[in-house]
There are 2 protein chains.
Amino acid sequence: MASISDIHPRTMLIRKLESMAPLSPQERQAIKDLPVRMHAVNARQDIVRDGDQPQHCCLILSGWACRYKLLHEGKRQILSFHIAGDIPDLGTLHIPTMDHGLASVTKATVGFIPHENLRALTEAFPRIGALFWRATLIDAGVFRAWIVGMGRRSAFERIAHLFCEMYLKLQMVGLAGDHRCPMPVTQADLADALGLTSVHVNRVLQTMRGRALITLRSSTLVIAAWDELIRVSEFDPAYLQIDHGLEPHADVA
Amino acid sequence: MASISDIHPRTMLIRKLESMAPLSPQERQAIKDLPVRMHAVNARQDIVRDGDQPQHCCLILSGWACRYKLLHEGKRQILSFHIAGDIPDLGTLHIPTMDHGLASVTKATVGFIPHENLRALTEAFPRIGALFWRATLIDAGVFRAWIVGMGRRSAFERIAHLFCEMYLKLQMVGLAGDHRCPMPVTQADLADALGLTSVHVNRVLQTMRGRALITLRSSTLVIAAWDELIRVSEFDPAYLQIDHGLEPHADVA
DNA sequence: CGCGTCCTTGATTTCGATCAAAATATGTGG
DNA sequence: CCACATATTTTGATCGAAATCAAGGACGCG
């Protein structure tokens with residue numbers, strides 16, 4: 001039974017950054033010294049609102065979150081999904097006003113870290129600053145992948161592509177494996193993420209199940225035919241910058 | 001008659017950065033000292049290819065460029081348009097392998113700046129590093145705006161939105177004004193940028209002309225009904241981070 | 001002035017949207 | 001643990017925006 005106190009927020013951050021590049025003991029310590037204000041949020045709650053000028057960044061510790069934008073007549077576009085280890089609003093360090101909202105998808109735990117401490121951290125340890133920058137660049141790569149999907153892929157291909165993407169993202173932080181991962185989103189959420197309607201998402205999912213490509217029940221996705229999903233969606237994981245075979249380089253002060 | 005030698009590459013960069021934040025004399029000087037290798041490219045030529053690992057960044061000095069991704073059966077998705085002052089591949093400083101291509105749209109002049117010099121610059125002047133980071137964050141905001149458009153806007157609204165976006169981007173660097181700007185793209189380019197077909201773009205443009213919203217002839221866009229275009233496309237310029245309160249571009253010699 | 005690129009037009013098709021309602025989960029308080 | 005309320009998924013019928021296919025026509029440009 002996980003409770004807030006079981007989550008070690010700074011460890012989560014260290015693990016995430018070390019999946020990109022090794023950290024020195026001093027860097028690790030500086031991260032451990034960051035003040036993090038823990039916060040539990042219910043499903044479907046705003047964490048940061050469109051137009052806000054937050055003075056802290058939000059580290060996701062458990063659950064899923066999403067960025068979104070609301071349009072006229074209740075239309076919504078989800079811009080990205082975020083999982084443990086992500087800091088979706090890192091950009092507020094340099095762009096003060098949010099041009100979109102950040103909300104929980106599921107019940108979630110988030111840690112708020114004041115801008116001033118993050119700034120002090122990146123000033124004291126420019127390599128950490130570079131990793132933060134790199135994280136936002138990877139996010140941008142995901143945005144580009146979504147643009148490609150929305151512009152040039154069918155509904156079927158888009159859904160398949162998103163499943164591959166989320167599976168790998170979850171796998172990176174140890175939350176997926178064996179072609180099985182959490183997928184705690186409604187079909188309406190998927191629709192809002194992929195530029196479709198929930199009715200159509202439903203029909204495509206049935207096709208996928210019918211072809212025995214996936215199962216998706218009680219918020220768990222099982223990808224029965226990984227290669228096939230990769231193939232039909234032309235999924236190339238390069239943009240996720242998964243750093244396999246990361247041997248710890250001892251040097252680089 | 002502008003020739004390569006008339007373009008002052010470092011001045012372009014200084015002007016761009018100063019549109020985001022004022023620079024100190026030392027910072028300006030360091031930028032002036034950057035080595036820039038000038039290069040003229042014809043229309044529709046690759047500048048950086050998908051999969052490349054460039055050792056330099058590309059500063060656009062004149063003309064238009066675009067990022068793009070190719071898919072099966074010749075499908076293409078344009079991911080962004082870039083104009084003078086942009087460094088579309090700044091991200092290669094921290095993400096070595098390109099996950100998309102960069103090509104000229106028109107004849108263009110570009111300046112290549114070695115990574116090592118840019119890295120030295122950002123190490124010596126962290127504030128410039130922050131501005132570079134900020135520039136990539138603004139790019140990400142544009143990606144998000146495109147996602148919203150492709151997901152939830154009609155063809156008409158998408159085209160209108162893009163026109164507003166490009167007009168303001170051009171205005172920021174002094175290349176547009178009076179609701180008139182260059183728009184040197186084919187209808188097929190627009191289609192590939194917006195997830196449409198050129199046939200449909202053509203028909204929507206005719207509708208726009210018919211309603212006297214725009215004229216678009218010989219690569220020049222005139223927006224006859226700015227407010228109307230803004231309204232129908234729900235265009236909110238916030239994501240472009242246009243910093244009013246600094247006069248547009250007092251010439252920096 | 002000829003040729004390739006780009007734009008335009010028409011006819012037809014299709015993928016996904018829309019509208020409406022039923023069936024099934026999920027959750028909550030008593 | 002059940003009963004009720006709410007949210008989500010599923011199904012069916014119809015519609016519509018944009019794609020596709022196919023030809024002409026216009027224009028820059030060398």
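Predicted model, so just to flag it, every value in this text is computed and none were measured. A note on names: the letters A, B, ... follow the listed sequences, proteins ahead of strands, and every chain is numbered from 1. Side-chain atoms are counted along with the backbone in the values below, which use heavy atoms only and exclude waters and symmetry mates.
Heavy atoms of A/L196 sit under 4.0 angstrom from primed sugar atoms or phosphate atoms, though from no base atom.
Separation of atoms OG1 (B/T186) and CG (B/D192) is listed at 7.5 Å; rounding is to 0.5 Å. If you take NZ on A/K169 and CG on A/D86, they are separated by 4.5 Å, rounding to the nearest 0.5 Å.
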Can B/H100 and B/Q77 be said to form a side-chain contact (heavy atoms from CB on, under 4.5 Å), step by step? CA-CA 10 Å; B/H100 60 276; B/Q77 178 64 45; over 6 Å; no

Starting from the C-alpha separation in whole Å, work towards a yes-or-no answer on side-chain contact (heavy atoms from CB on, under 4.5 Å) for B/E157 and B/E234. CA-CA 8 Å; B/E157 294 162 348; B/E234 283 187 279; over 6 Å; no

In sequence, state the C-alpha distance, the side-chain angles, and the governing distance for A/L13 and A/I113, and then conclude on side-chain contact (heavy atoms from CB on, under 4.5 Å). CA-CA 11 Å; A/L13 189 50; A/I113 312 174; 4.2 Å; yes

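Legend: residues meeting ring pair (Phe, Tyr, Trp, His ring centres under 6.0 Å) with A/Y167, ordered by chain and number and at least two apart, are A/H179, A/W226. Judged as a ring pair (Phe, Tyr, Trp, His ring centres under 6.0 Å), and not counting sequence neighbours, A/H200 has no contacts.
With rounding to whole Å, A/L190 atom CG is found 13 Å from C/dA17 atom P. Going from atom NE2 of B/H200 over to atom C1' of C/dT14 covers 14 Å, rounded to whole Å. For B/D189 and C/dC6, the CG to C1' distance is 11 Å, given to the nearest whole Å. Look at CD on A/Q206: it is 17 Å from P on C/dC15, rounded to the nearest Å. With rounding to whole Å, B/R217 atom CZ is found 16 Å from C/dT8 atom C1'.
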Grab the N/O contacts between the protein and nucleotides 5-9 of chain D below 3.5 Å, and write none if there aren't any.
unit_1 : atom_1 : unit_2 : atom_2 : d
D/dT9  : OP2    : A/Q187 : N      : 2.8

Considering only nitrogen or oxygen atoms on both sides, find all protein atoms under 3.5 Å from nucleotides 23-30 of chain D and state each distance.
none

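Comparing atom distances between the A/R203 side chain and each of D/dA13, D/dC21, D/dA18 picks out D/dA13 as nearest. Considering only side-chain atoms of A/V199, the nucleotide from C/dT18, D/dC21, D/dA19 that sits closest is C/dT18.
Ring geometry for A/Y239 against A/H161 counts as parallel: the plane angle stays under 30°, on a 0 to 90° scale with 60° as the upper cut.
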Which nucleotides of DNA chain C pair, in dot-bracket form (Watson-Crick or G-U under 3.5 Å, | meaning another strand): |||||..|||||||||||||||||||||||

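The pair A/R67-A/D99 fails the salt-bridge criterion, with no side-chain N (NZ, NE, NH1 or NH2) lying under 4.0 Å from an Asp/Glu carboxylate O.
Residues A/D139 and A/T136 have side chains that never bring a donor and an acceptor to within less than 3.5 angstrom of each other.
Near DNA chain C, meaning a heavy atom under 4.0 Å from it, residues 145-162 of chain A has A/S154, A/A155 in order of number.
When the shell of 6.0 Å around CZ of B/R49 is examined, it contains 12 or fewer heavy atoms from other residues, nucleotides or ligands. At most 12 non-hydrogen atoms from other residues, nucleotides or ligands lie less than 6.0 angstrom from CZ of A/R15. When the shell of 6.0 Å around CZ of B/R76 is examined, it contains more than 12 heavy atoms from other residues, nucleotides or ligands.
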